[in-house]
Amino acid sequence: MDRFEENFDKVWQKVEKARIETNEHSIVKIVAVSKYVGKEEIKALYDIGQRAFGENRVQDLKDKSSALEDLPLEWHFIGRLQKNKINHLIDLPVSLIQSCNGFELAKEIDKRAAVKGKKLDILLQINSSGEPTKAGVSPQSAIDTYEQIANECKNLTLKGVMSIGAHTDNEKEIIKSFETTYKIYEKLKPKGAQICSMGMSGDFELAIKCGSNMLRLGSILFNSH
Ligand SMILES: *Cc1c(COP(=O)(O)O)cnc(C)c1O
C-alpha cells in the first residue's frame with residue numbers, strides 16, 4: 001500500500017475512535033498541514049481523498065496552491081501573518097485564515113480586503129495555555145475581541161476559534177487549555193461560531209474529547225513510520 005494511504009488510514013481510525021467515544025453525531029474535519037512537504041505529497045494525499053490543506057507561510061501557500069491549481073483543494077492559512085504579507089495572502093485562494101491573533105490584525109486584513117473587494121473567512125486564535133511564545137488573544141479578552149471584529153470588520157466573516165494546545169507532556173494541562181478554548185467557543189456559538197480548530201499530531205485525540213471539530217495534522221500524516 002502507498003505509504004501515505006497506510007498512514008492516513010491509521011490516523012483516520014484513531015480520529016474516528018475518539019470521535020465516536022465523544023459524540024457519534026459529531027463531525028471532525030481534518031486539515032492536513034502540508035508545511036513539511038511538497039506538491040507531490042499533497043497530490044498523493046489528494047488522491048486518497050484529502051481536500052483541505054494548511055500552510056503557515058504565505059510564500060509556501062502561494063507556491064503550492066499555484067503548482068496544484070488544477071486540483072479542487074481548500075487552503076487554510078495557519079501561521080503568523082505579518083502585516084506586509086496580508087496583501088499577498090488575500091490574492092491567494094485561501095478559504096480560511098485560522099490565525100487571526102487579535103483585533104489589530106483583523107482590522108488590517110479587513111482594510112486590505114475592502115480595497116480589493118474581497119470577503120474573507122477567519123478564525124480568532126486564542127492563546128488558551130497562556131504561553132508567551134504563542135500567538136493569540138487571551139481567554140479573558142476573547143469574547144470581546146470576537147464581538148469587536150464581528151461588528152467592525154465588515155469584509156471578514158468570523159467562523160469560530162483556533163488554538164494550539166499547551167506545550168507539555170502533562171495531559172491535564174493540555175486538556176485544560178482545550179477546555180478553555182471550547183468554553184469560549186460555546187459562548188460564541190450563538191454569535192455564529194461553527195469551527196473549533198484545535199488538536200495537532202501529538203494531542204488530537206484529547207482535542208476531540210474536548211470538543212474540537214477541526215484538527216490540524218502535519219507530521220503524523222506525512223512522516224512514514
Ligand atoms: C505545524 C502546525 C500544525 C501541525 O503540527 P503537527 O504537530 O505536525 O501535526 C498545526 N497547527 C499549526 C498552527 C502549526 O503551525
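Counting starts at 1 for both ligands and their atoms, following the listed order.
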Can you find a non-hydrogen atom of Ile220 under 4.0 Å from ligand 1?
-> no
Below 4.0 Å from any atom of ligand 1, is there a heavy atom belonging to Tyr36?
-> yes
Near [X], which atoms of ligand 1 are under 4.0 Å from a heavy atom of that residue?
X: Arg216; value: 4 (C), 9 (O), 10 (C), 11 (N), 12 (C), 13 (C)
X: Leu217; value: 9 (O)
X: Ser201; value: 6 (P), 7 (O), 8 (O), 9 (O)

Per-residue contact class, Lys35 against ligand 1 - non-hydrogen pairs under 4.0 Å | side chain
Side chain, backbone, both or neither: which part of Ile78 has a heavy atom under 4.0 Å from ligand 1?
-> both
Can any side-chain N or O of Tyr46 pair as donor or acceptor with the backbone N or O of Glu41 at less than 3.5 Å?
-> no
Is there a donor-acceptor pair under 3.5 Å between the side chain of Asn213 and the backbone N or O of Val28?
-> no
Which distance, rounded to the nearest 0.5 Å, do you find between the [atom1] of [X] and the [atom2] of [Y]?
X: Met162; Y: Ile195; atom1: CE; atom2: CD1; result: 11.5 Å
X: Leu61; Y: Lys35; atom1: CG; atom2: NZ; result: 13.0 Å
X: Ile126; Y: Thr145; atom1: CD1; atom2: OG1; result: 9.0 Å
X: Glu74; Y: Phe53; atom1: CD; atom2: CZ; result: 10.0 Å

Polar-atom distance check: Ile164 versus ligand 1, any N or O pair below 3.5 Å?
-> no
